[in-house]
Amino acid sequence: MSKLFQFAVMGYIICLPAQFDIGGAFRIAPSDLFLLLGLFAVGLHLKLDRRQFSSWHWGMLFIFVLASFVSIWRNGFITQYALLQKDVGLLLLLLTYIMLIQAVDSWDRLYTMLRVFLISVLCLNGVALFAFFSGVKVPFMIQDGRLSGMLIDPNAYGGLLVTAFAVHIMTSGSGVKLLQGWVSLIATVTLSGGIMMTFSRSSWIGLVLVLLTLLLSNPSRLIKIAMGFIAAFVALLLYKGTAYLDVLESMSSRPSQIQARLDIIGKALDWIAQSPLFGIGLGTYNYELRIIIHNTPLWFMTEFGLLGLMVYGGFMVWFFIVGIRSYRTADPVHRPIILALLLSHAAMIGLSMGIEALFQRYWWFMMAMIAACIRLTDAKLKGELLHRTKRIERATGRTPHQSQPPEQVQQQEHIC
């Protein structure tokens with residue numbers, strides 16, 4: 001890969017936790033600038049591998065185009081919000097996905113990209129927690145007493161932290177550790193504290209999925225997680241005092257918001273009954289009521305209809321199928337990272353029950369990393385992508401070729 005392309009990919013990952021509100025529902029992200037730079041650097045050499053770009057990806061494009069025409073047919077127009085934020089937004093995310101999977105040419109590269117992502121999230125979360133506990137006003141970091149980071153929405157920020165938490169905690173045991181020593185300890189405590197302070201019930205759903213998986217796969221690691229949350233909770237009480245417990249209760253329950261969500265769902269169900277197959281058209285709900293549905297599957301059912309919901313469901317399931325295939329064929333040293341990626345994907349599906357999560361860039365980053373694993377583990381793949389594991393061998397104390405079958409070693413020696 002060219003140096004410029006590598007720079008663009010890393011810049012994109014570093015900027016993933018940040019975006020800026022430019023008024024109304026429109027937001028821009030620095031990551032998109034690095035996306036454009038990456039596309040410029042790679043030119044016309046973006047590759048679509050059928051193992052990594054399926055018919056479900058094309059299906060997502062199709063239903064967005066179809067829903068746009070439904071909106072034009074129903075309303076006589078399509079809103080600027082739907083055209084730019086949804087249609088163009090999906091196209092940019094698909095290009096991002098292709099760019100990211102093309103950047104992963106070895107396990108070393110995969111681990112480096114995920115490590116950069118974790119460090120970027122930790123740095124931003126550290127600033128957000130500093131603002132929360134010190135009282136210093138830092139732009140964007142706190143919204144109505146809830147951590148929101150630079151993602152503006154506390155729910156979206158909570159999803160980012162849970163995603164990073166899943167990747168970190170699943171790789172903090174055996175195998176290749178993304179973070180080590182005191183950095184790993186700080187990550188556990190600060191991510192735990194950040195997740196708590198978002199007061200995002202949607203992200204807590206995702207967190208529960210992570211904890212349940214650990215309960216089944218590695219119960220002993222729950223002790224480390226529990227210590228992280230206890231340390232964060234004690235620090236909060238020491239700073240705010242026990243009187244803050246009442247605030248915690250009210251922020252966690254927010255009954256008025258629950259009622260508002262129920263009203264949104266009720267109106268959505270009415271429109272679903274009117275047009276169950278093709279939906280009411282892209283952006284129609286937001287145009288009619290000036291609000292979004294806050295539930296991704298329900299949003300698809302409302303604006304895309306049953307057809308759109310089926311495509312969305314197939315798209316989500318496809319990543320689990322690809323991830324499980326990779327997990328079964330991967331060397332044991334790499335299995336924890338594949339499980340972490342699958343777990344982050346499941347956590348984001350949990351988050352999508354409370355927000356329209358599809359356009360969160362960090363979710364597409366995780367999906368791209370899942371798809372990249374099948375390229376690294378496919379037995380039919382040529383050997384040049386399998387021999388670049390020197391840093392991983394050093395990290396695990398294994399000798400070269402120890403983690404690979406003899407036929408792969410012979411193939412690599414022949415290629416070299």
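Since this is a predicted model, take the numbers as computed values, not measurements. Just so you know, residue 1 is the first one in the sequence shown, and it goes up from there.
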Sequence neighbours left out, cut at 3.5 Å: what donor-acceptor pairs do the side chains of residues 120-130 make with other protein atoms?
residue: Ser120; atom: OG; partner: Ile14; partner atom: O; Å: 2.5
residue: Asn125; atom: OD1; partner: Tyr157; partner atom: OH; Å: 2.8
residue: Asn125; atom: ND2; partner: Thr190; partner atom: O; Å: 2.9

* To do: Keeping to residues at least two apart or across chains, list the salt bridge (charged side-chain N to carboxylate O under 4.0 Å, His left out) pairs with something in residues 355-371.
  => Asp32-Arg361, Lys86-Glu356
* Pairs flagged by salt bridge (charged side-chain N to carboxylate O under 4.0 Å, His left out) wherever residues 298-318 is involved - sequence neighbours left out -> none
* **Heavy-atom neighbours of Phe53 CZ exceed 12 at 6.0 Å** => yes
* With sequence neighbours left out, what residues match Ser344 under side chain to side chain donor-acceptor pair (under 3.5 Å)? -> none
* Can you name the residues that form a side chain to side chain donor-acceptor pair (under 3.5 Å) with Asp153, not counting sequence neighbours? -> none
For [X], give me all partners under side-chain contact (heavy atoms from CB on, under 4.5 Å), at least two apart in sequence or on another chain.
| X | value |
| --- | --- |
| Thr284 | Ser71, Arg74, Asn75, Ile280, Glu288 |
| Thr79 | Phe77, Tyr81, Ala82, Tyr287 |
| Ile152 | Gln19, Asp21, Arg27, Gln143 |

Find out whether [X] and [Y] are in side-chain contact, i.e. whether some heavy atom of one side chain is under 4.5 Å from a heavy atom of the other.
| X | Y | result |
| --- | --- | --- |
| Leu90 | Leu61 | yes |
| Phe365 | Thr96 | no |
| His168 | Ser184 | yes |

I'd like to know if the side chain of [X] and the backbone of [Y] have a donor-acceptor N/O pair within less than 3.5 Å.
| X | Y | result |
| --- | --- | --- |
| Ser68 | Ile78 | no |
| Tyr327 | Arg335 | no |
| Ser202 | Asn155 | no |
| Asn295 | Leu298 | yes |

* To do: Run through Leu341, Thr171, Ile13 and flag the one making a side-chain contact (heavy atoms from CB on, under 4.5 Å) with Leu114.
  => Leu341
For residues 307-326, tabulate all N or O donor-acceptor pairs below 3.5 Å that involve a side-chain atom, not counting sequence neighbours.
residue: Ser326; atom: OG; partner: Val322; partner atom: O; Å: 3.0
residue: Ser326; atom: OG; partner: Ile374; partner atom: N; Å: 3.1

* Structure fact -> For residues 52-61, the side chain to side chain donor-acceptor pair (under 3.5 Å) pairs (sequence neighbours left out) are Ser54-His57, His57-Tyr97
* Counterpart residues, ring-ring contact (aromatic ring centres under 6.0 Å, His included), relative to Phe304 (two or more places apart) -> Phe64, Trp299, Phe300
* Does NZ or CZ of Arg146 lie under 6.0 Å from the centre of the six-membered ring of Phe199, at an angle within 45° of the ring axis? -> no
